[in-house]
Amino acid sequence: MTQAKPRFIFITGGVVSSLGKGLSAAALAAVLQKRGFKVRMRKLDPYLNVDPGTMSPYEHGEVYVTEDGGETDLDLGHYERFTGVDTRRSDNVTSGRIYKTIIDRERAGDYLGATVQVVPHVTGAIKEFIQADLSNEDFVLCEIGGIVGDIEGLPFVEAIRELGLDLGDERVCFMHLTLVPYIAAAKELKTKPTQRSVKELQSYGIQPDVLVCRSEHPLDDGMKRKIARFCSVRPSAVIPALDASSIYAVPRALHEQGLDQAILDHFGLDAPQPDLAAWDRIDTLLSSPDDEVRIAVVGKYTQFEDAYKSLVEALSHGGFANDAQVKIDWVDSELLTSPDVTAKRLASAAGILVPGGFGIRGCEGMIEAVRYARENKVPFFGICLGMQMAAIEVTRHLLGIDNAGSTEWGTQVTPVVGFMSEWEAQEGRQTRGSSGDLGGTMRLGAYSCSLLPGSLARQVYGEDDISERHRHRYEINMGYRQDWADKGVLISGESPDGRLPEIMEVEGHPWFIGAQFHPEYKSRPLEPHPLFASFVKASLKQSRLV
Ligand code: GLN
(Lines give C-alpha, C1' and ligand atoms only; values in the text may rest on other atoms or scores of the structure.)
Protein backbone atom coordinates (compact mmCIF):
# COMPACT_ATOMS: atom_id res chain seq x y z
CA MET A 1 0.00 0.00 0.00
CA THR A 2 1.36 3.42 -0.84
CA GLN A 3 1.67 5.76 2.08
CA ALA A 4 -0.58 8.83 1.74
CA LYS A 5 1.43 12.01 2.02
CA PRO A 6 0.44 14.39 4.80
CA ARG A 7 -0.65 17.92 4.05
CA PHE A 8 0.85 20.67 6.18
CA ILE A 9 -1.02 23.63 7.62
CA PHE A 10 1.48 26.20 8.89
CA ILE A 11 0.10 28.59 11.46
CA THR A 12 1.83 31.91 11.99
CA GLY A 13 0.81 34.90 14.04
CA GLY A 14 1.06 38.61 13.51
CA VAL A 15 0.45 42.03 15.12
CA VAL A 16 0.72 40.92 18.76
CA SER A 17 1.31 37.71 20.66
CA SER A 18 -1.26 35.97 22.87
CA LEU A 19 -3.94 35.94 20.18
CA GLY A 20 -4.57 32.28 20.86
CA LYS A 21 -2.71 30.70 17.96
CA GLY A 22 -2.30 27.40 19.79
CA LEU A 23 -5.94 27.27 20.73
CA SER A 24 -7.16 28.17 17.23
CA ALA A 25 -4.88 25.52 15.74
CA ALA A 26 -6.09 22.92 18.25
CA ALA A 27 -9.74 23.80 17.65
CA LEU A 28 -9.24 23.60 13.88
CA ALA A 29 -7.61 20.19 14.29
CA ALA A 30 -10.55 19.03 16.41
CA VAL A 31 -13.00 20.06 13.67
CA LEU A 32 -10.94 18.44 10.91
CA GLN A 33 -10.94 15.27 12.97
CA LYS A 34 -14.72 15.38 13.18
CA ARG A 35 -14.76 15.67 9.41
CA GLY A 36 -13.00 12.33 9.26
CA PHE A 37 -9.34 13.31 8.94
CA LYS A 38 -6.36 12.06 10.86
CA VAL A 39 -4.42 14.94 12.38
CA ARG A 40 -1.13 15.56 14.10
CA MET A 41 -0.05 18.82 15.72
CA ARG A 42 3.40 20.31 16.11
CA LYS A 43 4.95 23.41 17.56
CA LEU A 44 8.14 25.18 16.49
CA ASP A 45 9.52 27.41 19.23
CA PRO A 46 12.07 30.05 18.32
CA TYR A 47 13.81 30.39 21.71
CA LEU A 48 17.28 28.99 22.38
CA ASN A 49 16.55 26.68 25.31
CA VAL A 50 16.86 23.10 24.11
CA ASP A 51 13.42 22.50 25.64
CA PRO A 52 11.30 24.44 28.15
CA GLY A 53 12.23 21.95 30.92
CA THR A 54 14.55 24.32 32.73
CA MET A 55 12.45 27.46 32.25
CA SER A 56 10.60 28.98 35.19
CA PRO A 57 6.85 28.46 35.08
CA TYR A 58 6.55 32.24 35.56
CA GLU A 59 8.50 32.75 32.39
CA HIS A 60 6.88 30.24 30.14
CA GLY A 61 3.93 28.67 31.91
CA GLU A 62 3.66 24.97 32.53
CA VAL A 63 6.04 22.42 31.07
CA TYR A 64 3.88 19.82 29.36
CA VAL A 65 5.17 16.25 29.47
CA THR A 66 4.47 13.80 26.65
CA GLU A 67 4.06 10.01 26.93
CA ASP A 68 7.59 9.49 25.64
CA GLY A 69 9.07 11.87 28.22
CA GLY A 70 9.42 15.06 26.18
CA GLU A 71 9.34 18.30 28.19
CA THR A 72 7.41 20.54 25.87
CA ASP A 73 5.47 23.76 25.42
CA LEU A 74 2.09 24.04 27.11
CA ASP A 75 0.38 24.40 23.74
CA LEU A 76 0.94 20.67 23.28
CA GLY A 77 -1.45 20.22 26.18
CA HIS A 78 -4.13 22.12 24.23
CA TYR A 79 -3.38 19.93 21.24
CA GLU A 80 -3.94 16.74 23.22
CA ARG A 81 -7.01 18.01 24.99
CA PHE A 82 -8.65 19.06 21.74
CA THR A 83 -7.69 16.16 19.53
CA GLY A 84 -7.24 13.30 21.99
CA VAL A 85 -4.08 12.40 20.03
CA ASP A 86 -1.06 11.75 22.26
CA THR A 87 1.69 14.17 21.37
CA ARG A 88 5.30 13.03 21.20
CA ARG A 89 8.69 14.49 21.95
CA SER A 90 9.07 14.99 18.21
CA ASP A 91 6.07 17.33 18.11
CA ASN A 92 7.90 20.26 19.69
CA VAL A 93 11.23 21.65 18.61
CA THR A 94 13.09 24.79 19.65
CA SER A 95 15.84 26.76 17.93
CA GLY A 96 18.03 25.53 20.76
CA ARG A 97 17.46 21.90 19.84
CA ILE A 98 18.00 22.59 16.15
CA TYR A 99 21.27 24.44 16.82
CA LYS A 100 22.43 21.78 19.27
CA THR A 101 21.84 19.08 16.65
CA ILE A 102 23.75 21.07 14.05
CA ILE A 103 26.65 21.96 16.31
CA ASP A 104 26.97 18.33 17.47
CA ARG A 105 26.99 17.24 13.81
CA GLU A 106 29.58 19.88 12.97
CA ARG A 107 31.86 18.78 15.84
CA ALA A 108 31.53 15.19 14.67
CA GLY A 109 32.77 16.31 11.27
CA ASP A 110 29.55 15.44 9.49
CA TYR A 111 29.57 18.52 7.28
CA LEU A 112 32.79 17.44 5.54
CA GLY A 113 34.48 20.82 5.63
CA ALA A 114 31.48 22.91 4.56
CA THR A 115 30.72 26.31 6.10
CA VAL A 116 27.72 25.66 8.31
CA GLN A 117 25.05 28.34 7.79
CA VAL A 118 21.51 29.31 8.77
CA VAL A 119 20.46 28.70 5.17
CA PRO A 120 20.63 25.87 4.18
CA HIS A 121 21.74 23.99 7.32
CA VAL A 122 19.47 25.41 10.02
CA THR A 123 16.50 25.68 7.68
CA GLY A 124 17.28 22.19 6.40
CA ALA A 125 17.23 20.77 9.94
CA ILE A 126 13.91 22.52 10.59
CA LYS A 127 12.43 21.05 7.41
CA GLU A 128 13.65 17.61 8.42
CA PHE A 129 12.03 17.97 11.81
CA ILE A 130 8.70 19.11 10.39
CA GLN A 131 8.50 16.04 8.17
CA ALA A 132 9.95 13.48 10.56
CA ASP A 133 8.17 10.82 12.63
CA LEU A 134 4.80 10.95 10.85
CA SER A 135 2.53 8.07 10.01
CA ASN A 136 -0.32 8.35 7.51
CA GLU A 137 -1.72 11.63 8.90
CA ASP A 138 -3.99 13.59 6.57
CA PHE A 139 -3.02 16.90 8.13
CA VAL A 140 -0.07 18.09 10.16
CA LEU A 141 -0.87 21.40 11.81
CA CYS A 142 2.35 23.14 12.62
CA GLU A 143 2.35 26.26 14.76
CA ILE A 144 5.25 28.71 14.74
CA GLY A 145 5.79 30.36 18.13
CA GLY A 146 6.08 34.15 18.47
CA ILE A 147 5.01 36.51 15.72
CA VAL A 148 6.22 37.04 12.19
CA GLY A 149 9.07 39.53 12.15
CA ASP A 150 10.67 38.35 15.41
CA ILE A 151 14.38 38.05 14.62
CA GLU A 152 14.69 34.64 16.23
CA GLY A 153 11.75 33.21 14.32
CA LEU A 154 13.12 34.01 10.86
CA PRO A 155 14.77 30.63 10.14
CA PHE A 156 11.42 28.94 10.83
CA VAL A 157 9.61 31.30 8.48
CA GLU A 158 12.22 30.67 5.81
CA ALA A 159 11.96 26.90 6.33
CA ILE A 160 8.19 26.84 5.88
CA ARG A 161 8.45 29.12 2.84
CA GLU A 162 10.82 26.58 1.29
CA LEU A 163 8.51 23.72 2.19
CA GLY A 164 5.71 25.59 0.45
CA LEU A 165 7.86 25.57 -2.68
CA ASP A 166 9.13 22.01 -2.24
CA LEU A 167 5.70 20.45 -1.66
CA GLY A 168 3.42 22.84 -3.52
CA ASP A 169 -0.05 24.23 -2.81
CA GLU A 170 -1.62 20.81 -2.84
CA ARG A 171 0.31 19.86 0.28
CA VAL A 172 0.90 23.18 2.05
CA CYS A 173 -1.50 25.81 3.37
CA PHE A 174 -0.41 28.97 5.20
CA MET A 175 -2.78 30.18 7.87
CA HIS A 176 -2.04 33.52 9.52
CA LEU A 177 -3.64 34.80 12.73
CA THR A 178 -3.99 38.55 13.14
CA LEU A 179 -5.80 41.17 15.17
CA VAL A 180 -8.51 43.52 13.94
CA PRO A 181 -8.66 46.02 16.81
CA TYR A 182 -11.72 48.08 17.67
CA ILE A 183 -11.01 51.75 18.28
CA ALA A 184 -13.66 52.82 20.74
CA ALA A 185 -13.28 56.57 20.15
CA ALA A 186 -13.87 56.17 16.41
CA LYS A 187 -16.31 53.26 16.91
CA GLU A 188 -14.47 51.47 14.15
CA LEU A 189 -12.65 48.23 13.49
CA LYS A 190 -9.23 48.77 11.95
CA THR A 191 -7.79 46.50 9.29
CA LYS A 192 -4.43 48.24 8.92
CA PRO A 193 -2.54 46.09 11.47
CA THR A 194 -3.71 42.99 9.58
CA GLN A 195 -2.62 44.48 6.26
CA ARG A 196 0.81 45.40 7.69
CA SER A 197 1.25 41.97 9.20
CA VAL A 198 0.41 40.23 5.94
CA LYS A 199 2.79 42.57 4.06
CA GLU A 200 5.51 41.53 6.46
CA LEU A 201 4.77 37.86 5.85
CA GLN A 202 4.77 38.51 2.09
CA SER A 203 8.14 40.24 2.41
CA TYR A 204 9.53 36.87 3.57
CA GLY A 205 8.01 35.24 0.52
CA ILE A 206 4.91 33.75 2.11
CA GLN A 207 1.44 34.50 0.78
CA PRO A 208 -1.12 33.45 3.40
CA ASP A 209 -3.97 31.30 2.12
CA VAL A 210 -6.25 31.75 5.11
CA LEU A 211 -6.49 34.65 7.57
CA VAL A 212 -7.97 34.21 11.01
CA CYS A 213 -8.82 37.65 12.36
CA ARG A 214 -9.21 37.98 16.12
CA SER A 215 -11.64 40.75 16.90
CA GLU A 216 -13.96 41.91 19.65
CA HIS A 217 -16.69 42.77 17.15
CA PRO A 218 -18.08 40.96 14.12
CA LEU A 219 -16.51 41.80 10.76
CA ASP A 220 -19.13 42.66 8.14
CA ASP A 221 -18.85 41.53 4.54
CA GLY A 222 -17.41 44.87 3.44
CA MET A 223 -14.66 44.58 6.00
CA LYS A 224 -13.91 41.00 4.95
CA ARG A 225 -13.74 42.02 1.29
CA LYS A 226 -11.41 44.88 2.15
CA ILE A 227 -9.05 42.59 4.07
CA ALA A 228 -9.26 40.01 1.27
CA ARG A 229 -8.40 42.60 -1.41
CA PHE A 230 -5.48 44.17 0.43
CA CYS A 231 -4.08 40.86 1.58
CA SER A 232 -4.69 38.91 -1.66
CA VAL A 233 -6.79 36.14 -0.13
CA ARG A 234 -10.29 34.97 -1.08
CA PRO A 235 -13.04 36.69 0.98
CA SER A 236 -14.23 33.24 2.08
CA ALA A 237 -10.78 32.66 3.54
CA VAL A 238 -11.01 35.69 5.84
CA ILE A 239 -12.25 34.12 9.05
CA PRO A 240 -13.42 36.33 11.91
CA ALA A 241 -12.61 34.89 15.33
CA LEU A 242 -14.50 36.61 18.10
CA ASP A 243 -13.94 36.01 21.80
CA ALA A 244 -15.76 32.78 22.67
CA SER A 245 -17.78 31.97 25.79
CA SER A 246 -15.22 29.31 26.66
CA ILE A 247 -12.34 27.54 24.93
CA TYR A 248 -14.72 24.65 24.20
CA ALA A 249 -16.89 26.94 22.09
CA VAL A 250 -13.96 27.70 19.78
CA PRO A 251 -14.23 24.61 17.50
CA ARG A 252 -17.89 25.43 16.72
CA ALA A 253 -17.21 29.18 16.39
CA LEU A 254 -14.36 28.69 13.92
CA HIS A 255 -16.34 26.08 12.01
CA GLU A 256 -19.32 28.42 11.67
CA GLN A 257 -17.07 31.16 10.37
CA GLY A 258 -15.88 28.72 7.70
CA LEU A 259 -12.31 28.02 8.79
CA ASP A 260 -12.21 24.26 8.15
CA GLN A 261 -14.07 24.76 4.85
CA ALA A 262 -11.54 27.38 3.74
CA ILE A 263 -8.75 24.90 4.47
CA LEU A 264 -10.49 22.08 2.56
CA ASP A 265 -11.21 24.46 -0.34
CA HIS A 266 -7.54 25.35 -0.47
CA PHE A 267 -6.62 21.69 -0.85
CA GLY A 268 -9.59 20.93 -3.13
CA LEU A 269 -10.95 18.37 -0.66
CA ASP A 270 -14.47 17.40 0.17
CA ALA A 271 -15.61 15.89 3.48
CA PRO A 272 -18.81 15.36 5.45
CA GLN A 273 -19.89 18.11 7.83
CA PRO A 274 -18.52 17.67 11.37
CA ASP A 275 -20.65 16.58 14.30
CA LEU A 276 -19.62 18.97 17.07
CA ALA A 277 -22.30 17.96 19.57
CA ALA A 278 -19.76 16.74 22.12
CA TRP A 279 -18.11 20.19 22.21
CA ASP A 280 -21.48 21.93 22.39
CA ARG A 281 -22.44 19.80 25.38
CA ILE A 282 -19.38 20.91 27.30
CA ASP A 283 -19.94 24.54 26.46
CA THR A 284 -23.56 24.33 27.66
CA LEU A 285 -22.50 22.56 30.81
CA LEU A 286 -20.03 25.32 31.54
CA SER A 287 -22.60 28.05 31.11
CA SER A 288 -25.29 26.34 33.22
CA PRO A 289 -23.75 23.86 35.64
CA ASP A 290 -25.99 22.02 38.10
CA ASP A 291 -23.59 22.60 40.93
CA GLU A 292 -20.51 24.51 41.96
CA VAL A 293 -17.58 23.44 44.10
CA ARG A 294 -14.76 25.44 45.60
CA ILE A 295 -11.34 23.81 45.55
CA ALA A 296 -8.27 25.38 47.10
CA VAL A 297 -5.06 24.93 45.13
CA VAL A 298 -2.16 25.50 47.50
CA GLY A 299 1.05 26.16 45.64
CA LYS A 300 3.69 28.73 44.96
CA TYR A 301 3.06 29.87 41.40
CA THR A 302 -0.51 30.85 42.22
CA GLN A 303 -0.43 34.33 40.67
CA PHE A 304 0.21 32.87 37.26
CA GLU A 305 -2.43 30.38 36.14
CA ASP A 306 -0.52 29.28 33.06
CA ALA A 307 1.99 27.66 35.42
CA TYR A 308 -0.73 25.12 36.23
CA LYS A 309 -2.49 25.02 32.86
CA SER A 310 -3.19 21.28 32.64
CA LEU A 311 -4.18 21.17 36.29
CA VAL A 312 -6.76 23.92 35.86
CA GLU A 313 -8.13 22.12 32.82
CA ALA A 314 -8.19 18.72 34.54
CA LEU A 315 -10.07 20.16 37.51
CA SER A 316 -12.66 21.61 35.21
CA HIS A 317 -12.92 18.25 33.40
CA GLY A 318 -13.49 16.67 36.83
CA GLY A 319 -16.34 19.16 37.12
CA PHE A 320 -17.81 18.09 33.74
CA ALA A 321 -17.90 14.50 34.99
CA ASN A 322 -20.10 15.66 37.86
CA ASP A 323 -22.18 18.34 36.08
CA ALA A 324 -20.49 20.89 38.26
CA GLN A 325 -18.34 23.93 37.87
CA VAL A 326 -15.06 23.95 39.78
CA LYS A 327 -14.11 27.31 41.26
CA ILE A 328 -10.43 27.42 42.09
CA ASP A 329 -9.33 29.36 45.14
CA TRP A 330 -5.61 30.04 44.60
CA VAL A 331 -3.76 29.91 47.87
CA ASP A 332 -0.16 31.06 48.13
CA SER A 333 1.41 28.40 50.33
CA GLU A 334 3.96 30.87 51.71
CA LEU A 335 1.13 32.59 53.55
CA LEU A 336 0.13 29.44 55.46
CA THR A 337 2.51 30.05 58.33
CA SER A 338 0.69 28.28 61.18
CA PRO A 339 -2.15 25.80 61.80
CA ASP A 340 -4.46 28.69 62.79
CA VAL A 341 -3.78 30.79 59.72
CA THR A 342 -4.17 27.68 57.58
CA ALA A 343 -7.47 26.66 59.15
CA LYS A 344 -8.86 30.15 58.60
CA ARG A 345 -7.65 30.42 55.04
CA LEU A 346 -8.89 26.95 54.02
CA ALA A 347 -12.18 26.95 55.96
CA SER A 348 -14.33 27.48 52.88
CA ALA A 349 -12.57 24.88 50.72
CA ALA A 350 -14.54 21.76 49.84
CA GLY A 351 -11.37 20.14 48.52
CA ILE A 352 -7.66 20.91 48.84
CA LEU A 353 -5.09 20.22 46.16
CA VAL A 354 -1.34 20.63 46.46
CA PRO A 355 0.17 20.55 42.97
CA GLY A 356 3.68 19.88 41.65
CA GLY A 357 6.59 22.22 42.13
CA PHE A 358 10.30 22.55 42.73
CA GLY A 359 12.58 23.90 45.46
CA ILE A 360 12.07 24.65 49.11
CA ARG A 361 10.01 27.85 48.93
CA GLY A 362 6.45 27.44 50.11
CA CYS A 363 6.86 23.79 51.21
CA GLU A 364 6.12 24.36 54.91
CA GLY A 365 2.78 25.96 53.98
CA MET A 366 1.95 23.00 51.76
CA ILE A 367 2.63 20.67 54.69
CA GLU A 368 0.28 22.80 56.82
CA ALA A 369 -2.39 22.43 54.13
CA VAL A 370 -1.96 18.64 54.06
CA ARG A 371 -2.24 18.49 57.83
CA TYR A 372 -5.39 20.59 57.81
CA ALA A 373 -6.99 18.41 55.13
CA ARG A 374 -6.01 15.16 56.82
CA GLU A 375 -7.08 16.14 60.32
CA ASN A 376 -10.32 17.81 59.24
CA LYS A 377 -11.23 15.12 56.73
CA VAL A 378 -11.40 17.51 53.80
CA PRO A 379 -10.82 15.77 50.43
CA PHE A 380 -7.13 16.07 49.60
CA PHE A 381 -5.25 15.54 46.38
CA GLY A 382 -1.45 15.84 46.34
CA ILE A 383 0.30 15.77 43.00
CA CYS A 384 4.02 15.01 42.72
CA LEU A 385 5.50 17.58 45.13
CA GLY A 386 2.06 17.52 46.77
CA MET A 387 2.41 13.79 47.48
CA GLN A 388 5.94 14.28 48.75
CA MET A 389 4.70 16.94 51.18
CA ALA A 390 1.93 14.58 52.30
CA ALA A 391 4.52 11.88 53.05
CA ILE A 392 6.54 14.38 55.09
CA GLU A 393 3.41 15.58 56.90
CA VAL A 394 2.34 12.12 58.05
CA THR A 395 5.90 11.26 59.07
CA ARG A 396 6.16 14.39 61.17
CA HIS A 397 2.73 14.27 62.77
CA LEU A 398 1.87 10.57 62.90
CA LEU A 399 5.34 9.09 63.43
CA GLY A 400 6.70 12.03 65.45
CA ILE A 401 9.81 12.59 63.33
CA ASP A 402 9.91 16.37 63.58
CA ASN A 403 12.65 17.11 61.09
CA ALA A 404 11.30 14.82 58.38
CA GLY A 405 11.98 16.55 55.08
CA SER A 406 13.23 16.32 51.51
CA THR A 407 16.85 16.36 50.41
CA GLU A 408 15.68 18.80 47.74
CA TRP A 409 15.90 21.32 50.62
CA GLY A 410 19.45 20.33 51.60
CA THR A 411 20.85 17.58 53.79
CA GLN A 412 19.81 18.85 57.24
CA VAL A 413 16.66 16.73 57.32
CA THR A 414 15.61 13.17 58.02
CA PRO A 415 15.13 12.21 54.38
CA VAL A 416 11.58 11.02 53.87
CA VAL A 417 11.97 12.27 50.31
CA GLY A 418 15.35 11.75 48.73
CA PHE A 419 17.22 12.11 45.47
CA MET A 420 16.32 9.32 43.06
CA SER A 421 19.52 7.81 41.74
CA GLU A 422 18.31 4.68 39.99
CA TRP A 423 15.12 3.40 38.40
CA GLU A 424 13.90 1.03 35.72
CA ALA A 425 12.71 2.45 32.42
CA GLN A 426 11.60 0.75 29.23
CA GLU A 427 14.99 1.59 27.72
CA GLY A 428 16.75 -0.07 30.69
CA ARG A 429 18.07 0.97 34.08
CA GLN A 430 18.49 4.73 34.52
CA THR A 431 21.11 6.13 36.86
CA ARG A 432 21.65 9.75 37.91
CA GLY A 433 24.16 11.58 40.06
CA SER A 434 23.15 14.60 42.13
CA SER A 435 25.69 16.81 40.36
CA GLY A 436 24.50 15.96 36.82
CA ASP A 437 22.79 18.23 34.26
CA LEU A 438 19.37 19.59 35.17
CA GLY A 439 17.91 19.51 31.65
CA GLY A 440 16.00 16.40 30.57
CA THR A 441 17.42 14.20 33.34
CA MET A 442 14.38 13.67 35.56
CA ARG A 443 12.21 10.56 35.59
CA LEU A 444 10.06 11.69 32.70
CA GLY A 445 7.06 10.43 30.79
CA ALA A 446 4.87 7.35 31.05
CA TYR A 447 5.64 4.62 33.59
CA SER A 448 3.34 1.84 34.73
CA CYS A 449 2.03 1.51 38.22
CA SER A 450 0.34 -1.43 39.96
CA LEU A 451 -2.56 -0.67 42.25
CA LEU A 452 -3.24 -2.25 45.61
CA PRO A 453 -6.38 -4.44 45.59
CA GLY A 454 -9.14 -2.95 47.72
CA SER A 455 -7.60 0.52 47.80
CA LEU A 456 -9.37 3.77 46.92
CA ALA A 457 -6.97 4.21 43.99
CA ARG A 458 -7.88 0.76 42.64
CA GLN A 459 -11.56 1.57 42.99
CA VAL A 460 -11.23 4.96 41.28
CA TYR A 461 -9.30 3.63 38.28
CA GLY A 462 -11.25 0.37 38.01
CA GLU A 463 -8.05 -1.32 36.82
CA ASP A 464 -5.13 -3.18 38.42
CA ASP A 465 -2.40 -1.58 36.34
CA ILE A 466 -2.25 1.94 35.02
CA SER A 467 0.23 4.15 33.24
CA GLU A 468 0.78 7.82 34.04
CA ARG A 469 3.23 10.56 33.13
CA HIS A 470 5.99 11.62 35.48
CA ARG A 471 8.34 14.52 36.00
CA HIS A 472 10.36 14.27 39.18
CA ARG A 473 13.88 13.98 40.51
CA TYR A 474 13.14 12.96 44.10
CA GLU A 475 11.30 9.94 45.47
CA ILE A 476 9.56 8.96 48.67
CA ASN A 477 11.57 6.69 50.95
CA MET A 478 9.88 3.26 50.97
CA GLY A 479 11.68 2.47 54.24
CA TYR A 480 8.78 4.05 56.13
CA ARG A 481 6.13 1.95 54.41
CA GLN A 482 5.37 -0.32 57.36
CA ASP A 483 5.45 2.50 59.92
CA TRP A 484 2.99 4.48 57.81
CA ALA A 485 0.77 1.43 57.27
CA ASP A 486 0.60 0.98 61.03
CA LYS A 487 -0.93 4.47 61.17
CA GLY A 488 -3.34 3.87 58.30
CA VAL A 489 -1.31 5.49 55.56
CA LEU A 490 -1.00 3.14 52.60
CA ILE A 491 1.18 3.03 49.55
CA SER A 492 -1.58 1.97 47.19
CA GLY A 493 0.30 2.29 43.91
CA GLU A 494 3.87 1.28 43.15
CA SER A 495 6.21 0.71 40.23
CA PRO A 496 5.98 -2.87 38.87
CA ASP A 497 9.32 -3.74 40.54
CA GLY A 498 7.87 -2.53 43.85
CA ARG A 499 10.71 -0.05 44.40
CA LEU A 500 9.05 3.30 43.74
CA PRO A 501 5.91 4.51 45.48
CA GLU A 502 3.43 5.98 43.05
CA ILE A 503 0.25 6.55 45.08
CA MET A 504 -0.44 6.99 48.79
CA GLU A 505 -3.74 7.22 50.59
CA VAL A 506 -5.08 7.58 54.11
CA GLU A 507 -7.53 4.99 55.43
CA GLY A 508 -10.68 6.26 57.09
CA HIS A 509 -10.46 9.62 55.32
CA PRO A 510 -13.21 10.55 52.83
CA TRP A 511 -10.70 11.11 50.01
CA PHE A 512 -6.97 11.49 50.49
CA ILE A 513 -4.73 10.60 47.60
CA GLY A 514 -1.17 11.54 46.78
CA ALA A 515 0.18 10.73 43.32
CA GLN A 516 3.85 10.86 42.40
CA PHE A 517 2.84 11.33 38.75
CA HIS A 518 0.89 14.08 37.00
CA PRO A 519 -2.56 12.77 36.09
CA GLU A 520 -3.52 16.22 34.81
CA TYR A 521 -1.50 15.70 31.62
CA LYS A 522 -3.80 12.91 30.51
CA SER A 523 -7.17 14.43 31.36
CA ARG A 524 -9.30 15.50 28.42
CA PRO A 525 -12.58 17.41 28.31
CA LEU A 526 -14.31 14.56 26.51
CA GLU A 527 -12.62 12.01 28.79
CA PRO A 528 -12.11 13.45 32.29
CA HIS A 529 -9.38 11.74 34.28
CA PRO A 530 -10.80 9.30 36.90
CA LEU A 531 -8.77 10.78 39.76
CA PHE A 532 -10.02 14.30 39.02
CA ALA A 533 -13.59 13.12 38.48
CA SER A 534 -13.50 11.25 41.79
CA PHE A 535 -11.78 14.08 43.71
CA VAL A 536 -14.35 16.61 42.50
CA LYS A 537 -17.14 14.20 43.41
CA ALA A 538 -15.79 13.83 46.94
CA SER A 539 -15.37 17.61 47.18
CA LEU A 540 -18.98 18.14 46.07
CA LYS A 541 -20.07 15.83 48.86
CA GLN A 542 -17.92 17.80 51.28
CA SER A 543 -19.29 21.13 50.04
CA ARG A 544 -22.71 20.06 51.20
CA LEU A 545 -21.20 19.76 54.67
CA VAL A 546 -19.30 23.08 54.87
N1 GLN B 1 10.52 18.76 43.10
C2 GLN B 1 10.01 17.44 43.21
C3 GLN B 1 10.90 16.43 42.49
O4 GLN B 1 11.68 16.77 41.67
C5 GLN B 1 8.61 17.36 42.66
C6 GLN B 1 8.53 17.60 41.20
C7 GLN B 1 7.15 17.91 40.71
O8 GLN B 1 6.27 18.24 41.48
N9 GLN B 1 6.96 17.85 39.40
O10 GLN B 1 10.79 15.26 42.75
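Order of appearance sets the numbers: ligands from 1, and atoms from 1 within every ligand.
A side-chain donor from one of T441 and R473 sits under 3.5 Å from a side-chain acceptor of the other. In summary, the side chains of D332 and T302 do not present any donor paired with an acceptor at a separation below 3.5 Å, with no hydrogens or angles considered. Side chains of T72 and D91: a donor-acceptor N/O pair is absent below 3.5 angstrom, by distance only.
Of the candidates E502, E475, E71, E502 is the only one forming a salt bridge (charged side-chain N to carboxylate O under 4.0 Å, His left out) with R443.
By the neighbour-count criterion of 12 heavy atoms within 6.0 Å, atom CD of E527 is sparsely surrounded, having that number or fewer from other residues, nucleotides or ligands. Residue K537 places its NZ atom among 12 or fewer non-hydrogen atoms of other residues, nucleotides or ligands, all under 6.0 Å distant.
Around ligand 1, the residues contributing at least one heavy atom under 4.0 Å from the ligand are G356, G357, F358, C384, L385, Q388, E408, R471, H472, R473, Y474, H518.
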